[in-house]
Amino acid sequence: MTIESVDAGVRVSLLDKLEISAFKDSLRGELIQPGDARYDEARRLYNGMIDKRPGLIVRCVDAADVQAAVSFSRQHSLLLAVRGGGHNGAGLGSCDDGLVIDLSPMKGVHVDRAAGTVRVEGGCTWGDVDHATYPFGLAVPTGFLSTTGVGGLTLGGGLGYLTRRYGLTIDSLLSVDVVLADGRCITASADENEDLFWAVRGGGGNFGVVTSFLFQGRPVSTVYGGPMFWELEHAATVMRFWRDLILTGPEELNGWFGFHTVPPVAMFPAEHHLKKMAVITWCYTGDLAEAERVFAPIRQVAPAAMDFAGPIPLPALQSLFDGIYPPGLQWYWNADFFTDLSDEVIDLHLRHARQLPTAHSTTHLYPINGAAHRVGKNDTAWSYREANFAQVIVGVDPDPANNDRMIQWSKAYWAALHPYSAGGAYVNMIMEEGHDRVQAAYRDNYARLSRIKAKYDPDNLFRVNQNIRPATRARKGNP
Ligand SMILES: Cc1cc2nc3c(=O)[nH]c(=O)nc-3n(C[C@H](O)[C@H](O)[C@H](O)COP(=O)(O)OP(=O)(O)OC[C@H]3O[C@@H](n4cnc5c(N)ncnc54)[C@H](O)[C@@H]3O)c2cc1C
């Protein structure tokens with residue numbers, strides 16, 4: 001099969017019904033097609049802006065189902081997408097016309113108490129993992145919401161509350177079981193298929209379907225954290241203070257900076273509802289007895305309008321914003337890495353943040369230093385180890401009628417900041433922005449990724465992602 005024929009893809013509607021029926025019989029999981037009662041629910045993505053209509057959705061229950069689905073796609077030249085949590089901003093967990101491998105029934109989490117490790121099946125969300133690990137006083141470094149999929153977040157890198165203390169999510173990854181494009185299932189770790197293990201730590205879903213992740217658990221349970229809100233008049237002072245603290249403060253302290261509109265819900269005093277404010281959401285994993293002392297200077301920087309920081313179980317902190325961002329909202333993402341946040345950049349942030357176009361739209365800056373910096377930029381596929389901040393600007397709203405307005409705001413904000421950035425962005429926080437942006441995300445790791453892609457997926461079967469092209473293709477004049 002040539003790459004050209006794969007690129008063209010085959011519509012599922014052209015397939016022989018008997019072949020689909022035999023495929024269905026070979027599965028333990030469900031096969032959902034257009035017209036089935038559950039089709040619309042099964043194809044729905046977290047980002048309501050993306051509306052894709054796959055020809056077949058395979059709800060895999062085990063690695064054998066995944067192998068069957070991969071082989072069926074390959075044999076019939078079907079476009080293939082892989083869905084973990086379905087959260088991806090660009091909607092890369094689904095496709096039009098082709099086949100979607102939906103891992104959501106694969107929900108197993110096993111904590112090995114003796115080894116302190118956590119085995120997680122490919123369809124879990126981070127809420128599933130937190131639920132299983134918290135009773136054992138363990139956590140896996142994850143993101144800032146519990147509904148995000150383990151699959152996409154981990155394979156793209158993984159930024160969260162524990163990044164400064166324990167590194168990216170991939171820095172706690174010990175091994176993966178992967179179904180490859182040829183249907184084989186192999187394990188990749190530091191000792192086995194090392195090239196693949198290097199590539200999946202940041203290279204996304206380009207190399208196969210990960211059916212199972214093995215993580216090193218970290219001893220974290222109750223932390224001192226939560227959001228603090230400041231009026232915008234204090235935002236520049238607070239942002240500068242946060243920048244300096246997060247670059248030099250103890251690694252047990254993390255906190256992401258954001259601009260938000262205060263939601264009109266009971267937990268916030270009515271006088272603050274719908275006000276635009278600067279927010280830092282903290283997570284301190286050090287000795288709880290020390291926490292008030294650590295937070296004393298933070299509380300002195302400027303008077304906080306609202307201060308919710310205090311002792312909180314990590315799973316509660318990680319799901320604090322789930323209700324504000326339910327599935328189905330319209331999302332438009334723009335992102336970049338930053339090494340520095342100069343005062344000039346901070347002023348630009350303030351100028352654009354004052355224009356937050358809708359009540360859900362926001363800007364976040366996530367710290368990346370500490371333990372994340374102790375891994376070299378070529379040690380895993382995730383290249384921006386020297387960056388200090390991941391910036392994401394998102395236009396978000398329930399109403400598609402506001403899309404043009406929020407997309408324009410997000411693009412203009414991003415364009416104003418981009419010249420000050422480190423050049424590339426976190427692949428998990430961009431839309432489909434072209435191959436240059438994918439290359440910029442990996443920099444000098446791209447060539448190696450491309451060679452590994454050629455080894456494990458030479459026909460680019462796994463291409464509904466931030467795509468790394470197989471090296472052989474580059475030799476044909478399509479870099
Ligand atoms: C509200 C929200 C909050 C977020 N917060 C954070 C955060 O705090 N930190 C952070 O790092 N990121 C965060 N993200 C970004 C998130 O990491 C990406 O959206 C990621 O792609 C989500 O993974 P998923 O499995 O849910 O996505 P999906 O849409 O299911 O998949 C995304 C991509 O990953 C591939 N993929 C997924 N699972 C597998 C698998 N098992 N094997 C092979 N390929 C797979 C898919 O093929 C697709 O290309 C957030 C996203 C949202 C929407």
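The first residue of the sequence shown is numbered 1, and numbering continues consecutively from there. Note: hydrogens, waters and symmetry copies are ignored here, and every other heavy atom, side chains too, is used. Computed from a prediction, not measured in an experiment: that's the story for all the values here. Every number for a ligand or one of its atoms is a count from 1 in the order of the listing.
- Under a 4.0 Å heavy-atom criterion, Gly158 is in contact with ligand 1.
- In terms of protein heavy atoms, atom 15 (C) of ligand 1 is closest to Asn428 O, 3.5 Å.
- Ring planes of Trp333 and Trp331: parallel class, angle under 30° (limits at 30 and 60°).
- At least one N or O atom of Gly85, backbone or side chain, sits closer than 3.5 Å to an N or O atom of ligand 1.
- If you number the atoms of ligand 1 from 1 as listed, the ones under 4.0 Å from a heavy atom of Gly93 come out as 29 (O).
- When side chains are defined from C-beta on, Leu461 does not count as touching Tyr456, because their heavy atoms never get closer than 4.5 Å.
- Summary of contacts: the protein heavy atom closest to atom 23 (O) of ligand 1 is Gly152 CA, 3.1 Å.
- Here is the list of ligand 1 atoms found below 4.0 Å of a heavy atom in Val209: 42 (N), 43 (C).
- Considering backbone and side-chain atoms alike, Tyr46 places every N or O at 3.5 Å or more from each N or O of ligand 1.
- Between Leu145 and ligand 1, no N or O atom pair is found at a separation short of 3.5 Å.
- Atoms of ligand 1 found under 4.0 Å from any heavy atom of Trp331, numbered from 1 in the order shown, are 1 (C).
- Under 4.0 Å is where a charged nitrogen must lie from a carboxylate oxygen, and between Lys411 and Glu433 no such pair does.
- Taking the six-membered ring for Trp and thresholds of 30 and 60 degrees, Phe257 and Trp242 have ring planes inclined between 30 and 60 degrees apart.
- Scanning all protein heavy atoms for the shortest distance to atom 10 (C) of ligand 1 gives Leu153 CD1, 3.3 Å.
- Distance from atom 50 (C) of ligand 1 to its nearest protein heavy atom, with residue and atom name: Trp333 CH2, 3.9 Å.
- Of the protein's non-hydrogen atoms, the one nearest atom 26 (O) of ligand 1 is Gly149 N, 2.9 Å.
- Polar contact check, Tyr426 against ligand 1: a nitrogen or oxygen pair lies under 3.5 Å apart.
- Between the NZ atom of Lys276 and the CG atom of Leu356 there is a distance of 6.0 Å, given to the nearest 0.5 Å.
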Subject >> Asn445 and Asn378: CA distance, side-chain angles, deciding distance, side-chain hydrogen bond (donor to acceptor under 3.5 Å, both in side chains) verdict >> reply: CA-CA 7 Å; Asn445 284 339; Asn378 305 121; 2.9 Å; yes

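- When only interatomic distances are considered, the shortest N/O to N/O separation between Phe213 and ligand 1 does not fall below 3.5 Å.
- Residue contacts with ligand 1: Gly143 is placed with no nitrogen or oxygen under 3.5 Å of a nitrogen or oxygen of the ligand (distance criterion only).
- Those atoms of ligand 1 that come under 4.0 Å of a heavy atom in Leu103, given as number and element, are 40 (C), 41 (N).
- The protein non-hydrogen atom at the shortest distance from atom 49 (O) of ligand 1 is Val464 O, 3.2 Å.
- Interatomic distance, Ile312 CD1 to Leu320 CG, rounded to the nearest 0.5 Å: 5.0 Å.
- For atom 48 (C) of ligand 1, the nearest non-hydrogen atom from the set Leu92, Val392, Val394 comes from Leu92.
- Atoms CD1 and CG, on Ile170 and Leu155 in that order, are 9.5 Å from each other to the nearest 0.5 Å.
- Closest to atom 41 (N) of ligand 1, if we only count protein heavy atoms, is Val210 O, 2.9 Å.
- Contact atoms of ligand 1 toward Leu159: 7 (C), 8 (O), 9 (N), 10 (C), 11 (O) (distance under 4.0 Å to a heavy atom of the residue).
- Ion pairing between Asp96 and Lys52 fails under the 4.0 Å rule for side-chain N and carboxylate O.
- Between the side chains of Asp177 and Thr187, at least one donor N or O sits under 3.5 Å from an acceptor N or O.
- Under 3.5 Å, the side chains of Thr358 and Arg405 contain no donor-acceptor pair of N or O atoms.
- Separating the CG atom in Leu159 from the CZ atom in Arg164 is a distance of 13.5 Å, to the nearest 0.5 Å.
- Note: no N/O pair closer than 3.5 Å links Val150 and ligand 1 by distance alone.
- Residues Ser175 and Ser189 come closest through the heavy atom pair CB-CB, 3.7 Å.
- A salt bridge links Asp182 with Arg184: the distance from a Lys NZ or Arg NE/NH1/NH2 to an Asp or Glu carboxylate oxygen falls below 4.0 Å.
- Of the N or O atoms in Val82, one or more lie within a sub-3.5 Å distance of an N or O in ligand 1.
- Residue contacts with ligand 1 for Gln466 are absent, since no atom lies close enough (heavy atoms, distance under 4.0 Å).
- Heavy-atom contacts of Gly86 reach the following atoms of ligand 1: 24 (P), 26 (O), 27 (O), 28 (P), 29 (O), 30 (O) (cutoff under 4.0 Å).
- Of all protein heavy atoms, the one closest to atom 43 (C) of ligand 1 is Gly208 O, 3.2 Å.
- Of the polar atoms of Phe144, at least one N or O is found under 3.5 Å from an N or O of ligand 1, judged by distance alone.
- Per-residue contacts place Leu155 under 4.0 angstrom from the following atoms of ligand 1 (heavy atoms of the residue considered): 39 (C), 40 (C), 42 (N), 43 (C), 44 (N), 45 (C).
- Proximity of Phe308 to Phe268: side-chain heavy atoms (C-beta onward) are separated by under 4.5 Å at one or more points.
- Atom 3 (C) of ligand 1 has its nearest heavy-atom neighbour, among Leu45, Thr148, Val66, Asn465, in Thr148.
- Residue Phe462 places no heavy atom under 4.0 Å from ligand 1.
- Under a 4.0 Å N-O distance rule, the pair Arg28/Asp62 does not qualify as a salt bridge.
- Residue contacts with ligand 1 for Tyr366 are absent, since no atom lies close enough (heavy atoms, distance under 4.0 Å).
- Any N or O atom pair closer than 3.5 Å counts here, and His87 shares at least one such pair with ligand 1.
- Salt-bridge check for Arg74 with Asp457: failed, with every basic side-chain N at 4.0 Å or more from each acidic carboxylate O.
- With ring centers used as reference points, Phe321 lies under 6.0 Å from Trp256.
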